[in-house]
Amino acid sequence: MIAKQSGPSLPDLPTVTAIALVAYAASNVLHEAVGHGGTCLALGGRPLVLSSVHFECGEQGISALALRGVAAAGTIVNFIIGALALVVFKTTNALHKPHAAYFLWLFTTLNLLAGAGYFLFSGVGGIGDWADVARGTMPPIVWRPAMGVFGGALYFLLARRSAQWLRSLVGSGELSMRRSKLLTVPAYIAGGLLYCLSGLFNPVGPVLIAISAAAASFGGASGLLWLTKFLRRGEHSAAPAAKLDRSYIWIGAGCVVSLIYVAILGPGIHF
């Protein structure tokens, strides 16, 4: 009897979810703590509160220009970290280190989409980090449309590029599109729920949850739901897929990181 060889496997859902939880938490902490918090300290401000959905920098003894710098720094850090993660991703062999490669791809994508999404969000809604940067410098009728168009165009271009990078993970063939969906949609849902769950513990209230947690997660990462449309089955016909088997190390890391993120950064750290 001849044994039937199994084809390339689909990604393991619990592992994908756990990696997504780590990637979402890390990108958010970098935005709030390193971006806003680090810049606040560097420019002579006094950190007041750090949470998963906001950072407060004391205005006493710090100039209006410095406060604009603090507001802009979260997005700038996301772009810098996203670019660095992309470099590491491109040097990582997805076939030999599939879990690390997937984390790096998702981490890169989340940081870059978050950076572009903040411009779009502030331009359309007139609120958020870049609204704080632009407010008072020029009329809203000027900066809001310009910022919205710039953010939307940049978001689209980055989502398209991310789909191209994803090819090294999903390969080609009949299962490539299904693999791509399993690497994006569950990650989108898990990360959004993580942000919102953490935001529920924030004492500021449900308005902040709606504006910051939901907008940053379900809105800012919404490209994960449609960037796979840029993949074409006929491209790279010989490309193999990365094999994302179950990893209890990543599942454990996802549980620990999520617990810390919700329990500590949910209510916030008061300085």
Side-chain angles (χ1 to χ4, degrees), residues 23-88 107-108 110-140 142-144 146-148 150-151 154-155 158 195 198-199 201-205 207-209 211-213 215-217 219-221 260-261 264-271:
Y24 266 83
S27 62
N28 177 256
V29 169
L30 287 167
H31 178 93
E32 300 293 351
V34 178
H36 295 316
T39 305
C40 176
L41 284 171
L43 296 180
R46 178 174 175 266
L48 300 178
V49 182
L50 169 66
S51 78
S52 60
V53 293
H54 79 302
F55 174 82
E56 292 182 23
C57 181
E59 299 183 8
Q60 187 174 3
I62 188 172
S63 67
L65 181 60
L67 286 174
R68 287 192 174 95
V70 173
T75 301
I76 293 172
V77 165
N78 281 136
F79 279 128
I80 293 173
I81 295 298
L84 293 175
L86 177 60
V87 172
V88 179
F107 186 60
T108 296
L110 290 174
N111 276 282
L112 296 181
L113 292 185
Y118 270 101
F119 285 106
L120 178 61
F121 177 70
S122 292
V124 173
I127 55 178
D129 289 347
W130 284 93
D132 293 338
V133 174
R135 190 175 291 115
T137 61
M138 61 185 75
V142 175
W143 67 260
R144 286 188 61 181
M147 192 175 291
F150 171 74
L154 182 60
Y155 194 96
L158 289 172
Y195 277 19
S198 181
F201 294 92
N202 195 290
V204 174
V207 174
L208 185 62
I209 298 171
I211 292 176
S212 187
S217 57
I260 294 173
Y261 183 80
I264 296 179
L265 289 181
I269 301 172
H270 296 259
F271 298 95

Atom [atom1] in [X], atom [atom2] in [Y]: separation rounded to 0.5 Å?
| X | Y | atom1 | atom2 | result |
| --- | --- | --- | --- | --- |
| S27 | N111 | OG | CG | 5.0 Å |
| E56 | H270 | CD | NE2 | 8.0 Å |
| L65 | L43 | CG | CG | 8.5 Å |
| T75 | I80 | OG1 | CD1 | 11.0 Å |
| L154 | L113 | CG | CG | 9.0 Å |
| E59 | R46 | CD | CZ | 13.0 Å |

**OP:** Applying ring-ring contact (aromatic ring centres under 6.0 Å, His included), name anything that partners F79, two or more places apart in sequence or on another chain.
**Re:** none

**OP:** Name all residues meeting the ring-ring contact (aromatic ring centres under 6.0 Å, His included) criterion together with F119; count only those two or more places apart in sequence or in a different chain, and write none if there are none.
**Re:** W130, F150

**OP:** Go through the side-chain N and O atoms of S51 and N202 and say whether any donor and acceptor fall under 3.5 Å apart.
**Re:**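 Looking only at side-chain atoms, N202 and S51 do form a donor-acceptor pair, the distance falling under 3.5 Å.
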
**OP:** Check the side chains of Y261 and N28 for a donor-acceptor pair under 3.5 angstrom, ignoring hydrogens and angles.
**Re:** yes

Identify the two heavy atoms, one from [X] and one from [Y], that lie closest to each other, and give their separation to 0.1 Å.
| X | Y | result |
| --- | --- | --- |
| T39 | A73 | OG1-CB, 2.9 Å |
| A116 | L158 | CB-CD1, 4.0 Å |
| S198 | L265 | OG-C, 4.0 Å |
| G117 | Y155 | N-CD1, 3.8 Å |
| I62 | V70 | CD1-CG2, 4.5 Å |
| G148 | L120 | O-CD1, 3.4 Å |

Original post:
Does the separation of the ring centres of F55 and H31 fall below 6.0 angstrom?
Top reply: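 Here the rings of H31 and F55 have centres that are no less than 6.0 Å from each other.
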
Between [X] and [Y], is any pair of side-chain heavy atoms under 4.5 Å apart?
| X | Y | value |
| --- | --- | --- |
| F107 | I81 | yes |
| V29 | V34 | no |
| E32 | L50 | yes |
| Y195 | S52 | no |
| V49 | I269 | no |

Original post:
Just one of D129, T137, D132 clears the side chain to side chain contact (heavy atoms under 4.5 Å, CB included) bar with R68, so which one?
Top reply: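 For R68, the side chain to side chain contact (heavy atoms under 4.5 Å, CB included) test succeeds with only one of D129, T137, D132, which is T137.
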
**OP:** Verify side-chain contact (heavy atoms from CB on, under 4.5 Å) between F121 and I127, making sure each step is shown before the conclusion.
**Re:** CA-CA 7 Å; F121 177 70; I127 55 178; 3.8 Å; yes

Subject >> Verdict with reasoning, L110 to Y24, per side-chain contact (heavy atoms from CB on, under 4.5 Å) >> reply: CA-CA 7 Å; L110 290 174; Y24 266 83; 3.5 Å; yes

